[in-house]
Amino acid sequence: MARTRIACARPVAPMLDKRFILDNTELVQTNCEHRGVKADVLRYVALETECRQLQQEIEELSRQANVVSKSIGKAKDDAERQQRKDEGRTLREQKDEKQSHLDRIAAEAGAIYRSMPNLTHPEAPIGDEAHSRELRQGEVEVRPLSFPVLDHVELAEQHDLIDFEGGARIAGNGFYFLKNEAVLLELALQQYAMELLVGEGFVPTITPDLARGEILQGIGFIPRGPETQIYSIENHDLNLVATAEITLGGLYSGQVIDQDQLPLKLCGISHCFRTEAGAAGRASRGLYRVHQFTKIEMFAFTLPEQSEDMHNYFCDLECRLFDGLGIPYRVIDTATGDLGGPAYRKFDLEAWMPGRGSSGEYGEVTSASNCTDYQARRLNIRYKVKGEKGTNFVHTLNGTAIAISRALIAIIENCQQADGTIVVPEALQKWVGKARIGSAAG
RNA sequence: GGAGAGGUGGCAGAGUGGUCGAAUGCGCCGGUUUGCUAAAUCGGUGACUGGGGAAACCUGGUCCGCAGGUUCGAAUCCUGUCCUCUCCGCCA
């Protein structure tokens, strides 16, 4: 099997903490450039340094005020007591003044800090999307079809599988009804993915489809911005999730996990909602870029030294799922310029879609990211080693098991036959209840 | 949705303005004794963050759901908010 391990070199776990940025300013700056992020690292360093100075002064004033407060109970008479009170008040006022100054600076520093992306795996290709590197291909090879190829929209119409018009009428463009065998395929894909993942020791979950703004931000999404991908609920601090990564990662926010529970693997089924703001004009016919779909997501919390292996493991599982469906695909090591903020490294599976473009194209169907401690810092998820003092941040990883809408495209288009029928992948037949969609009458 | 009660350390649970980072018990770590296990007994045992030190360690600050407020001083009083529980209503 071609499931070779990728990149076994084990770099020291990167820690994008404030101290690290102060001590490695140039490295962080270069990293931002590689990722195409404009973050004023120098300004941040200056602000952060000033914050530290101010913080010390504030703590000294607090200390003095505490001493004064404690002495009041022991004061001999009212006059002395009053004098001490005034003294204490003055000290607190001085402290408050410095504190509000600090708050202003810290807010600016915080804004820069939050805009900084994670560090990057040394082997991730540097550059824009065009520099992304193909790591390997799936077991099934792309075969030219010897008949006029239809795309999934045409096939779905022929077999009455998807109602785009109905979806648009009730919710707008980008929504759809799955019908008939498409529904059975969705359910089969859920079962198929869950069967593998549960067997691999993942804890299966069905997650909320909504989450608080704080959780979205911890994972690295920006709700309610002008270009946001996120639908928000009016009058509530709730958002429709774009992926179960949000809810699965958020599940442990603020928690301290015992070391011996790690690595902790979860998988979750959720609906995913995306506004796709700014995505107009990109190739997005049919099911490819929709506002709602179902996804089975993998998520893991690991020790820092486990995350790289877990990342490769996620990628292997994705490969097994698509090999098992008989779909040709390639694995891409995403280039730095195309990485989102949280990802340290990201592998994508791109499935062959015969109906895409003029004569077939690869289209992204899964994505597995190692976010190291980036999300854990924002969500405050730590682990504790028995017998050791203190706690450390866990690493988090997420990967798509099956994104139903895109998997449907790949299945429908790859499994179309010369006679117009669609063969149901063998692995799904036991749930779909048939081997073929449509009759071979021709 | 309405009414009430409550959110304290790994857990349970005291604490209603200062001596409280917080009693007590459990758990955990270490010592002693008996020793087959167990029991008994003594001591230790929260997190975050700053400074000093090679280190052991020493020394500040912050934290009692979260955010504000009152006060010289807040776990304790006030406001908002989130969550949990009980009862009622509604409902798949």
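When reading the values below, keep in mind they use all heavy atoms of this one structure, side chains included, and skip hydrogens, waters and symmetry mates. We name chains A, B, ... by the order of the sequence lines, and we start the count at 1 in each one.
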Which whole-number value in Å describes the distance from [X] [atom1] to [N] [atom2]?
X        : N     : atom1 : atom2 : result
A:Asp258 : B:G10 : CG    : C1'   : 8 Å
A:Asn380 : B:C66 : CG    : P     : 12 Å
A:Leu61  : B:G50 : CG    : C1'   : 15 Å
A:Gln55  : B:G51 : CD    : P     : 11 Å

Give the ring-plane orientation class for A:Tyr231 versus A:His291, where under 30° counts as parallel, over 60° as perpendicular and anything between as tilted.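 Taking A:His291 first and then A:Tyr231, their aromatic rings stand perpendicular (interplane angle over 60°).
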Could you please name the partner base of [N], counting Watson-Crick and G-U wobble pairs only when both distances are under 3.5 Å?
N     : answer
B:G10 : B:C26
B:A92 : none
B:C85 : B:G4

Give me the atom names and distance for the closest heavy-atom approach of A:Gln190 to A:Thr294.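 Scanning both residues completely, I find the closest heavy atoms to be NE2-CG2, 3.7 Å.
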Looking at residues at least two apart in the chain, or sitting in another chain, which of them share a ring pair (Phe, Tyr, Trp, His ring centres under 6.0 Å) with A:Tyr252?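 By the ring pair (Phe, Tyr, Trp, His ring centres under 6.0 Å) rule, A:Tyr252 matches A:Phe301.
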Enumerate all atom pairs, one protein N or O and one N or O from nucleotides 19-22 of chain B, separated by less than 3.5 Å.
none

B:U62 and B:A74, which share atom name P, separated by this distance in whole Å: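 Pairwise P distance, B:A74 against B:U62, rounds to 9 Å.
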With rounding to whole Å, what would you report as the distance between B:A67 and B:C82 at their C1' atoms?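 The same atom, C1', in both gives a distance of 10 Å.
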Can you list, in residue-number order, the parts of residues 81-90 of chain A that come under 4.0 Å of RNA chain B, counting heavy atoms only?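 Heavy-atom cutoff 4.0 Å gives A:Lys85, A:Gly88, A:Arg89.
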When you get a sec, tell me which of B:G61, B:C48, B:G51 is the closest nucleotide to the side chain of A:Thr391?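 In terms of side-chain proximity for A:Thr391, the closest of B:G61, B:C48, B:G51 is B:C48.
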Sugar-phosphate only, base, or nothing, as touched by A:Gln56 at under 4.0 Å among non-hydrogen atoms: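 Sugar-phosphate only.
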